[in-house]
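One structure is given here, and the rest of the page talks about it.
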Amino acid sequence: MGWGGQEIRILSEMKAFRAMGVEMEIACREGSQIADQAGKAGFRVYLLPFSSRLDPATIFGLRNIVRANKISLIHAHSSVDGWCSGWTGKLFGIPVVRSRHLSSRVRPGLNARIVYDWLVDAVISSGRHIRDHLVENCHCHAAKHFSIPAGADHERFSPAVDASQVRKEFALDNYSHVIGIVAVLRSWKGHRILLEACAKLLDHFPRLVLFVVGDGPLRERLPEWVSELGLSGHVILAGHRDDVPACMKAMDVCVLPSLKNEATSQVMPQAMLVGTPVICSSAGGLTEVVTDGVTGRVVSPGDAIALSTALDDCLKSTEKTTRMAQCAYEYALRNLTFERQVDRTIEVYHRVVGDHSAVGSRINSSKSCR
């Protein structure tokens, strides 16, 4: 129902595929933010309940959408829609692709084999470690599984981005160092750890500021933590922003201290393409994006001391930090662009539709792709 990295990735992909001539539609819950955003973007939106993994109304609703619109493929992105789309595919002969966006462990067993093997024609994981876990630990067929990390728009996120308006709006020039985070305000994103790390830096960097971009369930707690840790006057809560590239460009370092569940992240490639130095935790697949000491710094999840040390080194060793940021930019431009992500995804679509007996002229997803 919310609006985070997964929803942004789905809608961004839909727009990119539409530009390539692939007709896209979306099936989602009533009242969801992605329904609203997709409608505004000009996509046809179907509202289905997705009330359970065996919800007949959704399964037959998807069947009706597919038949009425000659849809070629359904792409599911989460749990309940994965089940419902899978049953629709099996019962009515529709190819189904399933994405796995989170790095949280999938318990091996029959349930995993049904969801990530039997019910689907292909699985796209947001990182190699997720794909390998499903194949090696859950014993899914390797030929069905693909790793496609989230990419960033290298035209929107580029070193040429102008951050002057953001710096002026938040008076960032009044501070000597700007540490930033761009993330939904969820507990596992590690905001508390980052606050603790910043509190440890104040003695050496008294004009430091933490620039927090994003909104979410923790928005009421953050001011309490700021006060508790003695960071009043050193934290800017910017909320949700549409000018994320400029916000990242205004940072001296962009941090993603996630505790768990992280795939390969859209945030790190975005910051890397802007040219901002990056620090992340080793949670999930983040080490597939950032190589410690080469393209940024990597610390253990939940370790505020290690994060504080990495930040201290980043802010003091400017020459080394600049060199790593340049390496990160070059790596992201070669490997982590949104264009590369879309091209690899469309390859999976063509493979699945081509291998399937019912080849049509369109693709549907829940995301409903046609």
Side-chain angles (χ1 to χ4, degrees), residues 1-48 50 58 62 65 69 71-82 84-85 96-102 124-127 148-157 182-186 189 213-216 239-245 247-248 262-270 273 336-349 362-370:
M1 300 298 287
W3 187 249
Q6 180 173 320
E7 292 77 27
I8 293 169
R9 176 173 177 171
I10 290 169
L11 190 56
S12 297
E13 285 184 348
M14 291 179 68
K15 291 176 180 177
F17 294 139
R18 180 172 61 184
M20 297 168 68
V22 180
E23 191 171 347
M24 310 292 289
E25 300 179 348
I26 185 160
C28 50
R29 287 179 175 148
E30 184 175 3
S32 61
Q33 291 193 49
I34 196 169
D36 179 58
Q37 294 293 332
K40 290 178 179 177
F43 293 101
R44 185 180 297 178
V45 179
Y46 298 97
L47 302 177
L48 296 175
F50 292 100
T58 299
L62 286 171
I65 294 168
N69 298 287
I71 285 166
S72 302
L73 180 147
I74 301 175
H75 189 165
H77 288 265
S78 210
S79 178
V80 172
D81 64 304
C84 291
S85 298
V96 175
V97 173
R98 167 72 192 271
S99 277
R100 176 71 182 171
H101 294 276
L102 298 178
I124 295 174
S125 295
S126 296
I148 305 180
D153 183 345
H154 67 285
E155 295 181 354
R156 183 172 178 234
F157 292 87
V182 179
V184 177
L185 304 183
R186 296 191 181 107
K189 288 292 186 178
V213 177
D215 201 356
H240 173 77
R241 302 284 300 190
D242 292 324
D243 55 349
V244 170
C247 290
M248 287 180 166
E262 203 68 66
T264 49
S265 165
Q266 297 176 74
V267 171
M268 291 290 95
Q270 290 170 352
L273 286 169
L336 299 171
T337 63
F338 184 64
E339 184 179 45
R340 180 174 173 84
Q341 170 193 324
V342 168
D343 286 345
R344 294 179 66 189
T345 301
I346 205 75
E347 286 175 7
V348 176
Y349 285 177
R362 301 157 119 183
I363 301 178
N364 168 308
S365 163
S366 32
K367 160 175 147 185
S368 220
C369 293
R370 293 213 256 179

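Computed from heavy atoms alone, side chains included, the values below leave out hydrogens, waters and symmetry copies. Here, residue 1 is the first one in the sequence, and each next residue gets the next number.
- Within the 4.5 Å cutoff, no side-chain heavy atoms of Val184 are placed close to those of Trp3.
- Here CZ of Arg98 is found 9.5 Å from OG of Ser125. Values are rounded to the nearest 0.5 Å.
- Contacts of His154 classified as ring-ring contact (aromatic ring centres under 6.0 Å, His included), with partners at least two apart in sequence or in another chain: none.
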Decide side-chain contact (heavy atoms from CB on, under 4.5 Å) for Leu62 and Tyr46; before the verdict, give the C-alpha distance in whole Å, the side-chain angles of both, and the deciding distance to 0.1 Å. CA-CA 9 Å; Leu62 286 171; Tyr46 298 97; over 6 Å; no
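- A 6.0 Å sphere centred on CD of Glu30 holds no more than 12 heavy atoms belonging to other residues, nucleotides or ligands.
- Contact annotation: the side chain of Phe338 never approaches that of Leu273 to less than 4.5 Å [non-hydrogen atoms, C-beta and beyond].
- In this structure the side chain of Leu11 reaches within 4.5 angstrom of the side chain of Lys15, judged on heavy atoms.
- Minimum interatomic distance between Ser32 and Met1 (heavy atoms only, all atoms of both residues): N-CE, 3.6 Å.
- Ring orientation note: the planes of Tyr349 and His75 are nearly perpendicular, at an angle over 60° on the 30°/60° scale.
- Between Ile8 and Gln37 there is no side-chain heavy-atom pair separated by less than 4.5 Å.
- Under a 3.5 Å cut-off, the side chain of Arg29 and the backbone N or O of Phe50 do form a donor-acceptor pair.
- For the pair Cys28/Gln33, no side-chain contact is recorded, criterion being any heavy-atom separation below 4.5 Å from C-beta on.
- Between Asp343 and Ile346, the shortest heavy-atom distance links the atoms O-CG2, 3.1 Å.
- Side-chain contact between Met24 and Glu13 is absent, with no heavy atoms from C-beta onward closer than 4.5 Å.
- With hydrogens and angles ignored, the 3.5 Å screen pairs no side-chain donor or acceptor of Ser99 with any backbone N or O of His101.
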Can you check side-chain contact (heavy atoms from CB on, under 4.5 Å) on Asn69 and Arg44, steps first, answer last? CA-CA 11 Å; Asn69 298 287; Arg44 185 180 297 178; 3.0 Å; yes
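- The distance from the CG atom of Leu48 to the CD1 atom of Ile65 is 4.5 Å, given to the nearest 0.5 Å.
- The main-chain N or O of Arg340 is found under 3.5 Å from a side-chain atom of Thr337 such that the two form a donor-acceptor pair.
- Side-chain contact between Pro245 and Gln270 is absent, with no heavy-atom pair separated by less than 4.5 Å.
- Taking CG of Asp153 as the start and CD of Gln341 as the end, the distance is 10.5 Å to the nearest 0.5 Å.
- Looking at heavy atoms from C-beta onward, Val80 lies out of side-chain contact with Thr58 at the 4.5 angstrom threshold.
- Remark: the Arg9 side chain and the Ser126 side chain contain an N/O donor-acceptor pair separated by less than 3.5 Å.
- Here the OG atom belonging to Ser265 is positioned 6.5 Å from the NZ atom belonging to Lys189, to the nearest 0.5 angstrom.
- For Gln266, there are no side-chain hydrogen bond (donor to acceptor under 3.5 Å, both in side chains) partners at least two apart in sequence or on another chain.
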